[in-house]
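Note sheet for the following structure.
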Amino acid sequence: MAFTRPSVAPLPYWVRGDTNAFFGFGVNVLVNVLTLTGLCLAVVNLPEGEVFGTILPALGIALVAGNIYYTYLARRLARRENRSDVTALPYGPSVPHMFIVIFVIMLPIYLRTQDPVRAWEAGLAWAFIIGVIVLIGAFVGPYIRRYAPRAALLGTLAGISITFISMNPAGQMWRLAWVALPVFALLLIGLLTDVKLPFNSPIGLAALLLGTAIGWAGGAMSVPDVTAAARDIAIAVPSFKIDLLLAGLTDMAPLLATAIPLGVYNFTEGMTNVESAATAGDNYNLRSVLLADGAGAVVGAALGSPFPPAVYVGHPGWKAAGGRSGYSMATGVVIAVLCFLGMFGLLGAIFPTAAIVPILLYIGLLIGAQAFQATPRAHAAAVVAALIPNIAAWATGQIDNALAAAGTTAAAVGDEALNGAGVVYDGLLVLGQGAILAGLVLGAVVVFIIDKRFVRAAIFAGSGALLSFVGLIHGERIEWNANGQVALGYLFVAAICGVFALGRPAPREPDPDEDDGSEVREAWTSTEPTSSPR
């Protein structure tokens, strides 16, 4: 008897939910590109011609190629599992990296040389090194993901989302709350409930138009600004800038101190984002994702962009909004076209920032909730532990920025004065260095202690000691004995766990899928609005 393969329904390239996800994710990327454009022009004083004629078109190439690739991965996964509800991974310029490359790499060189091109060359070399490290991480990350508990992975991702993704937008929202809060309310109603707008209008577009209308009606925007920005529109074609990249690489040694830990950060964040997607029901191959992220950073640097792109936080949010595979490709293509046409100055003058950033706060809510909902209830304390280093990193960044605005630094003020004012800056600084890796280590130790798996807790604590000793976590730079005191503390934790392990029988090894949050994962996915593809 001959067997025939079951027929598979054609997989649509676009569903109604893709419209919602496109406007939500597209606005997210739009905000980030507007931000990095302003940083290049206002902080490093790069000429407008180089920003709009080289950097943005280079970023556009990376974005369109990456998002098309992730659309392909989503459709391949959907066909393999015969599902129509697979959501593509979101991909765009990394938010933490855009601030680090500007303020830590490019700005000091510009202030020392008064040459923005020299600063740009260093930024390109830094982004290139980041990409190479992520490519290497593609062969290491799968093993880390295999042995790290879900509470540690999702907890540290939630820490990034709550602090670096959500807090700044929240502050911008409350600066113009009369514009932002109606937008936020509309997003919550449309994306977290099954309520539909009239004519099934896409909620992301409706929210953006509502905020824009309120902003213009209230006088928050300026017609002359729009007129001036419209004059800057020009077509730009990307080309390779190998000469600039090679010039930056000739003096790469000073860049390694931040490039190595940030490269590790990149592949660890990519790993946690893939875990987040798996928790929401879409299990992507981690190596394929990290290879694409690394290649995107390398190619972008060769074309002239110092901003390495990466898989974004937020897959569960776009899945809950009904996004499938089309929204990712559409976002990449549209943002790339806007980059090639130099439209970002005009868009920044038309749309109020307060009407755009609420979508980022929404993503923060979703990722923070997922970290608790998709892990065993007993591991809630571990999720909080994984959050803490990222909160410390965000707090010290805010302190540094405030002191810089006052014309001073934490070193000039002194630890004694700061401690006297109730600001434990020195401790927060150490805690927050290498935050994503530190959160993963700390969260894993807490998980295994809760589960009384003391041998595994000791292994992760020993890893924390090694990472601290070389400065990948809790250290200002990569060097031998970067923070011996913290390393010693982790060793003491490992020793204590080892002592308790000797007094207990070895626990039964669970099945690979046992107690991995799969039941909670099903509950998470089942709580999505029944009409989410809208």
Show your working on side chain to side chain contact (heavy atoms under 4.5 Å, CB included) between F351 and L34 and close with a plain yes or no. CA-CA 11 Å; F351 297 116; L34 286 171; over 6 Å; no

For the pair [X] (side chain) and [Y] (backbone), establish whether a donor and an acceptor sit closer than 3.5 Å, ignoring hydrogens and angles.
X    : Y    : answer
T71  : M329 : yes
W120 : C40  : no
R118 : T113 : no
T87  : G323 : yes
T396 : A392 : yes
Y91  : I68  : no
T156 : A152 : no
N390 : G439 : no
W216 : I350 : yes
N483 : G475 : no

Closest approach of [X] to [Y] (non-hydrogen atoms, all atoms of both residues):
X    : Y    : answer
P358 : A180 : CG-O, 3.8 Å
A386 : G155 : CB-C, 3.6 Å
L361 : S166 : CD1-CB, 3.9 Å
P93  : L63  : CD-CD2, 3.8 Å
A277 : Y284 : CB-CD1, 4.3 Å
G432 : A393 : O-CB, 3.5 Å

Is it the case that more than 12 heavy atoms not belonging to R287 sit under 6.0 Å from its CZ atom?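 Enclosed: over 12 neighbouring heavy atoms sit under 6.0 Å from CZ of R287.
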
Tell me whether the count of non-hydrogen atoms from other residues, nucleotides or ligands lying under 6.0 Å of CD in Q114 goes above 12.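 Yes, enclosed.
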
When you compare the side chain of [Y] with that of [X], does any pair of heavy atoms fall below 4.5 Å?
X    : Y    : answer
I55  : F307 : yes
L176 : P352 : no
V117 : P47  : no
S325 : V86  : no
V51  : E48  : no
V430 : Q485 : no
L56  : L338 : no
V311 : Y70  : yes

Given side chain to side chain contact (heavy atoms under 4.5 Å, CB included), test L303 with K241 step by step and report yes or no. CA-CA 5 Å; L303 289 168; K241 298 293 181 181; over 6 Å; no

Distance in Å, [X] [atom1] paired with [Y] [atom2], rounded so as to fall on 0.5 Å steps:
X    : Y    : atom1 : atom2 : answer
S276 : H315 : OG    : NE2   : 7.5 Å
F52  : L41  : CZ    : CG    : 5.5 Å
D293 : Y69  : CG    : OH    : 9.5 Å
I391 : I162 : CD1   : CD1   : 6.5 Å
T54  : L244 : OG1   : CG    : 8.0 Å
L46  : T37  : CG    : OG1   : 11.0 Å

Once you measure the plane-to-plane angle for Y362 and W318, does it fall in the parallel (<30°), tilted (30-60°) or perpendicular (>60°) bin?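 Aromatic pair Y362/W318 classed tilted.
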
Using 30° and 60° as the class limits, which term best fits the ring planes of F25 and Y327: parallel, tilted or perpendicular?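 Taking Y327 first and then F25, their aromatic rings stand perpendicular (interplane angle over 60°).
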
Reference residue D282; test salt bridge (charged side-chain N to carboxylate O under 4.0 Å, His left out); the match among K319, R324, R75: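 Filter result, single survivor: K319.
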
Could you go through the side chain to side chain contact (heavy atoms under 4.5 Å, CB included) check for F128 and L124 one step at a time? CA-CA 6 Å; F128 179 85; L124 295 180; over 6 Å; no

Given N67 and I335, is the side chain to side chain contact (heavy atoms under 4.5 Å, CB included) satisfied, shown in steps? CA-CA 11 Å; N67 278 292; I335 296 295; over 6 Å; no

Distance-only polar pair, side chains of D400 and Y425, donor-acceptor under 3.5 Å: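 Side-chain D/A pair, D400 to Y425: present.
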
